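Reviewing the structure listed below.
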Amino acid sequence: MKQIAILGSTGSIGTQALQVIAEHPDRFEARVLTANNRWQLLVEQARRFRPAAVVIANEMHYDTVKAALDDLPIAVYTGAEALCQVVQSGEVDMVLTAMVGFAGLPPTIAAIKAGKPIALANKETMVVAGELINSLCRQYQVPILPVDSEHSAIFQSIIGEVSPIEKIILTASGGPFRTFTREQLESVTPAMALKHPNWDMGAKITIDSASMMNKGFEVIEAKWLFAVEPERIQVVVHPQSVVHSGVQFADGAVKAQLGVPDMRVPIQLAFSYPERLQSSFDRLDWYTMHDLTFERPDTERFRCLALAYEALHRGGNAPCIVNAANEIVNRAFLEGKCRFLQMADIIEKTLDKASFITSPTYEDYLATDKEARRIATSLL
Ligand code: NDP
Ligand code: MG
């Protein structure tokens, strides 16, 4: 029985992870559940899955959650620090990082230092501090199992290989604005951006997908997860999201992983690896897939993708700056305080204004995150 701590159990990934756990009650148990604001859902989840502990990060909801679970032997904690503590519990066998944004970094580091294998959904952790995370994982001998569908596909494509990767083929759906002109992009609304063609995800990553910042972050994530330089990571727009990504080897052979777009597949594999478990999820229907298409991404219309490459190129804390600025403009766009194309402008200006650090420490990342948020907010 694997005891799993889910950081962000009320989100898109978190709820799907609980579906996986519910499908395999003989294999997995939810040991810890955490949420930030959706306290009602957290309470429902706790009553159903009976974890040993829950954390409601937002302290405003603590009393309500505590009272609602009073009749059960479930410990209730609150605050950001509690997230770091619960993942270290001796009973936890794996931590699924399904929180959104920079907030996922401290508890991920705490889990690694406690020797807990990581099922990594929170890509911002690798974007901000990939080098630090890799060195901690080496030091504490902790494996990272990718949950992001592309990285799970790459991971699956290299199983059993002993030769180096020649090139990663990182597929992108292109999002809801793939065919929009620059003029059309000027006036797109949050409601339009929130309608992703293939995936049903949390609001932040859905906006990142529309701007293609998500793909830029995935290039950074791939660099650190698979030790491949950015020049060897090719982004290919594939609107059908059937080919989830792949790897090319020295002989020209390409291995890719295909499937229905369903995050429960990579979540389940991260939980069960190296085994594959039975699932009730949909299967590909090969007779109806007439058009699988592939095209070059347009970094002129989708400048966020270019900015992520630029941050990688600069190195140091540059990706951390871009991540923080992006969190600010992403939220501002959702709230109608920033236009779609303005997001890239503000991120670019923040990248130029924030202090550059070549070899950042953990404390430097915390300071950079604060500084970049302040700059981006002032530019709004
Ligand atoms: P959601 O917004 O749906 O869920 C985020 C979760 O994190 C919620 O449980 C939320 O709590 C919690 N949370 C948010 N902020 C904080 C905070 N400051 N402190 C504590 N908890 C917090 O996001 P997704 O599930 O879509 O994404 C989660 C991560 O997985 C992201 O990093 C994303 O990039 C990545 N990912 C997601 C995919 C998807 O299909 N959704 C695919 C690939 C990667 P509450 O809701 O209670 O406020
Ligand atoms: Mg992805």
Side-chain angles (χ1 to χ4, degrees), residues 2-24 28-38 41-42 44-46 48-49 51 54-57 83 86-87 92-105 107-108 111 116-128 133 144-156 173 194 196 198-209 213-215 217-218 221 225 241 244-245 259-273 277 279 281-282 323 327 330:
K2 194 176 263 185
Q3 307 273 351
I4 298 171
I6 304 180
L7 294 173
S9 65
T10 50
S12 159
I13 292 288
T15 50
Q16 294 180 85
L18 284 172
Q19 289 172 29
V20 169
I21 292 176
E23 279 222 0
H24 300 283
F28 309 126
E29 242 171 40
R31 179 85 198 176
V32 174
L33 300 177
T34 84
N36 194 32
N37 285 314
R38 278 176 272 192
L41 181 55
L42 179 68
E44 263 172 52
Q45 292 177 340
R48 172 161 178 215
F49 289 91
V54 300
V55 179
I56 181 77
L83 295 169
V86 284
V87 294
V92 169
D93 298 315
M94 173 169 254
V95 176
L96 171 64
T97 66
M99 284 166 59
V100 64
F102 185 91
L105 179 65
T108 305
K116 309 297 184 187
I118 305 292
L120 183 104
N122 181 256
K123 68 189 81 188
E124 293 91 343
T125 292
M126 292 312 270
V127 170
V128 167
I133 294 293
I144 294 190
L145 286 304
V147 167
D148 210 348
S149 58
E150 295 78 3
H151 304 75
S152 177
I154 296 161
F155 176 74
Q156 293 176 60
S173 73
L194 285 172
H196 195 279
N198 305 341
W199 301 94
D200 182 12
M201 310 179 286
K204 194 255 178 186
I205 184 175
T206 306
I207 301 300
D208 284 347
S209 299
M213 183 54 95
N214 180 54
K215 208 48 55 179
F217 283 173
E218 291 185 355
E221 185 185 9
L225 285 177
S241 297
H244 294 316
S245 283
V260 175
D262 184 337
M263 287 309 296
R264 291 173 302 180
V265 178
I267 293 170
Q268 177 168 301
L269 184 67
F271 286 176
S272 70
Y273 183 79
L277 304 181
S279 89
F281 317 145
D282 285 349
N323 177 70
E327 288 195 32
N330 179 304

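What you see is a predicted model; the values in this text were computed from it and never measured. Residue indices begin at 1 and follow the sequence shown.
Between the side chain of Lys204 and the backbone N or O of Asn330 there is no donor-acceptor pair closer than 3.5 Å. Distance alone, capped at 3.5 Å, places no donor-acceptor pair between the Lys116 side chain and the Val87 backbone. Between the side chain of Glu124 and the backbone N or O of Gly104 there is no donor-acceptor pair closer than 3.5 Å. Under a 3.5 Å cut-off, the side chain of Gln16 and the backbone N or O of Ser12 do form a donor-acceptor pair. Remark: side-chain polar atoms of Thr34 are paired, donor with acceptor, to backbone N or O of Gly8 under 3.5 angstrom.
For the residue pair Gln156 and Ser152, a side-chain donor N or O sits within less than 3.5 Å of a side-chain acceptor on the partner.
Heavy atoms from other residues, nucleotides or ligands lying under 6.0 Å from CG of Asn37 number more than 12.
Put simply, CZ on Arg264 and CZ on Phe281 are 4.5 Å apart, with the number rounded to the nearest 0.5 Å.
For Glu44, the side-chain hydrogen bond (donor to acceptor under 3.5 Å, both in side chains) criterion is met by no residue, not counting sequence neighbours. Qualifying side-chain hydrogen bond (donor to acceptor under 3.5 Å, both in side chains) partners for Asp93, counting only residues two or more places apart in sequence or in other chains: none.
With Val127 as the fixed residue, the side-chain contact (heavy atoms from CB on, under 4.5 Å) test singles out one of Asn323, Asn122, Leu105: Asn323.
Residues Val32 and Val92 form a side-chain contact, since some pair of their non-hydrogen atoms from C-beta on lies under 4.5 Å apart.
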